[in-house]
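Take a look at the structure set out below.
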Amino acid sequence: MKYYALVDCNNFYASCERAFQPRLLNRPVIVLSNNDGCIIARSNEAKALGIEMGVPYWEVRSLLAEHNVQVFSSNYALYGDMSARVMDTLQQHCIEVEVYSIDEAFLQLSYCKQGLQQYGEQLRQVVHQNTGIPVSVGIARTKTLAKLANHIAKQQTPGGVYLLHPADPRLSSLSISKVWGIGKAYEQKLGEIGIQTVAGLQQAEESWMRQTFGVVGLRLLKELKGEACYALEPPATGRAHTMVSRSFRRDIYQLEELKEAISVYASRLGEKLRRYRQAANQLTIFLWANPHKNRRADGRCYFAMNLELPLATSNTNTLIQWAAAAVERLYEEGTNYKKAGILAGGLQPGAVLQTNLFVGEQQQLRYAKAIEAMDRVNRQYGRHTVYFASCGNGSNTWSRKEQWRSPRFTTRWEEVLRVK
DNA sequence: TCTGGGGTCCTAGGACCC
DNA sequence: TCTGGGGTCCTAGGACCC
């Protein structure tokens with residue numbers, strides 16, 4: 001019989017902060033989103049204080065101060081590196097691993113000879129030993145059930161490992177909102193016809209699920225009943241889209257500032273594309289007016305423009321030109337813009353060198369070399385060491401806040417932990 | 001004052017074609 | 001007066017995920 005395990009890091013970002021700062025142990029810790037806007041990770045102590053996920057920071061500032069909660073800005077360099085260490089450890093102990101997100105992996109246990117429970121406990125121990133990150137392990141016959149098992153492991157079992165059978169009595173009191181694939185809308189729709197628990201949902205008619213929630217709903221039901229519809233995914237060969245978008249620290253009214261912002265985002269997009277060795281055929285540039293304080297008569301918030309590029313590219317210079325031109329056309333005076341972004345689609349592999357009648361190969365080669373040199377310098381000395389003039393010199397007043405970022409302990413020599 | 005970012009998949013509906 | 005039907009492709013938008 002084939003089994004799936006879901007290994008999920010507990011309070012991942014908060015645990016990463018703790019791994020290098022023992023003073024944080026047993027104290028409430030939270031991590032904020034970009035722009036220090038919302039709370040996106042909480043240690044158990046912080047959860048116990050009633051601090052909810054996704055809450056704006058300013059709403060709970062006094063509560064945080066009152067309980068001496070330790071606050072951090074997101075430090076993605078640190079989290080990404082810690083994630084890689086956790087995944088390496090898992091791959092050393094299981095042949096079939098699907099890295100599902102930065103803090104989760106599915107394992108397929110068909111060849112596991114030991115007891116499943118014991119195997120889970122060993123995994124937990126070795127990951128903690130190698131990385132300092134605590135994980136929970138859920139095991140079941142389908143991925144959807146393994147996700148649920150992991151939820152139970154976190155909430156209800158001291159050992160952090162749970163083996164779940166489709167007929168487990170705990171499912172008759174477990175809310176459907178905990179099921180992987182059921183969000184707010186589906187929870188409400190199911191609630192309207194009296195389905196609130198997982199056990200209740202397991203009784204639903206397959207034909208009704210198919211009709212009401214499409215193939216996704218049907219698969220979800222089958223998985224809950226123990227019939228596997230999702231296998232381990234092979235490693236992604238490349239994303240379909242790549243996006244860079246950011247909120248501004250304050251509303252922007254001026255075209256020049258918007259163009260500067262989109263140039264910075266286009267530069268980041270170029271870096272991403274080049275890192276994945278991809279080139280984009282299509283770009284979507286979008287602007288958001290502030291939805292919380294909309295100053296427009298028509299109330300519109302979203303403005304976007306699609307572009308087909310004559311040549312697939314990952315060249316920053318080209319991306320900036322297209323993006324800035326799109327912003328000029330989208331811009332309307334008097335609108336308070338809060339966010340902008342750039343999405344690359346139609347991605348092709350490699351394609352560093354593209355020529356056409358107007359830009360000769362020699363010219364392209366020179367561009368490519370210049371960009372390559374720029375990437376190298378920025379990797380070594382930090383982003384924004386070399387940049388395009390249209391991106392401004394970084395002294396703007398719109399870019400994000402990052403007040404409490406911890407050192408990048410594992411990826412920057414100058415920030416390595418010092419032990420006295 | 002202050003409200004995240006980056007993805008995927010599916011479906012409905014329009015355009016177009018024969 | 002009577003005014004087809006079925007297929008494909010594309011896009012926008014909704015739902016979900018972490």
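As the structure is a prediction and not an experimental result, all values here were calculated from the model. Hydrogens, waters and symmetry mates play no part in the numbers below; they use all other heavy atoms, side chains included. A note on names: the letters A, B, ... follow the listed sequences, proteins ahead of strands, and every chain is numbered from 1.
Listed by chain and residue number, A:Asn396 satisfy the side-chain contact (heavy atoms from CB on, under 4.5 Å) test with A:Ser399 (two or more places apart in sequence, or in another chain). The side-chain contact (heavy atoms from CB on, under 4.5 Å) search around A:Asn34 returns A:Tyr76, A:Arg246, A:Arg400, not counting sequence neighbours.
The pair A:Arg405-A:Glu415 meets the salt-bridge criterion, since a charged nitrogen lies less than 4.0 angstrom from a carboxylate oxygen.
In this structure, A:Asn336 atom CG and B:dC2 atom P are separated by 10 Å, rounded to whole Å. One interatomic measurement links the two molecules: NE2 of A:His241 to P of B:dG7, which rounds to 10 Å at whole-angstrom precision. Remark: C1' of B:dG6 and CD of A:Glu271 are 16 Å apart, rounded to the nearest angstrom.
Nucleic acid contact class of A:Asp36 (heavy atoms, under 4.0 Å, all strands): none. When heavy atoms are screened at a 4.0 angstrom cut-off, A:Phe12 is found touching no nucleic acid atom at all.
You'll find that the side chain of A:Lys272 is closest to B:dG7, out of C:dC18, B:dT3, B:dG7. Of the listed nucleotides (B:dT3, B:dG5, B:dG7), B:dG7 has the atom at the smallest distance from the side chain of A:Thr242. Distances were taken from every side-chain heavy atom of A:Trp58 (C-beta onward) to each of B:dT1, B:dT3, C:dC18; the shortest belongs to B:dT3. Residue A:Lys293 places its side chain closer to B:dC2 than to any other of B:dG4, B:dG6, B:dC2. For A:Asn34, taking side-chain heavy atoms from C-beta onward, the closest of the listed nucleotides B:dG6, B:dG4, B:dT3 is B:dG4.
Contacts between residues 211-218 of chain A and DNA chain B, defined by a heavy-atom separation below 4.0 Å, involve A:Gly214, A:Val215, A:Val216, listed by number.
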ring-ring contact (aromatic ring centres under 6.0 Å, His included) between A:Trp288 and A:Tyr302, intermediate numbers included
CA-CA 5 Å; A:Trp288 287 88; A:Tyr302 180 68; 5.0 Å; yes

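In secondary-structure terms, DNA chain C builds stems of at least 3 consecutive Watson-Crick or G-U pairs, each pair having both distances under 3.5 Å, at B:5-18 with C:5-18.
Side-chain N/O atoms of A:Gln117 and A:Glu121 include a donor and acceptor closer than 3.5 Å. Side-chain contact check for A:Thr316 and A:Arg274: at least one donor-acceptor pair (N or O, by modelled atom type) lies under 3.5 Å.
In this structure, A:Phe106 has its ring center at least 6.0 angstrom away from the ring center of A:Tyr4.
Under the 3.5 Å distance criterion, the side-chain polar atoms of A:Asp251 are left unmatched by any main-chain donor or acceptor of A:Asn290.
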For residues 176-189 of chain A, tabulate all N or O donor-acceptor pairs below 3.5 Å that involve a side-chain atom, not counting sequence neighbours.
residue	atom	partner	partner atom	Å
A:Ser177	OG	A:Ser175	OG	2.7
A:Trp180	NE1	A:Tyr100	OH	3.3
A:Gln188	NE2	A:Glu192	OE2	3.4

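Rounding to the nearest 0.5 Å places CD of A:Glu333 at 9.5 Å from CG of A:Leu255.
Across the C1' atoms, B:dC16 and C:dG4 are found 15 Å apart, a figure rounded to whole Å.
Distances shown here put every side-chain N or O of A:Ser101 at or beyond 4.0 Å from the OP1 or OP2 atom of C:dC17.
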Letter by letter from the 5' end, nucleotides 8-15 of chain C scores (B base, S sugar-phosphate only, - none; protein heavy atoms under 4.0 Å) ----S--S

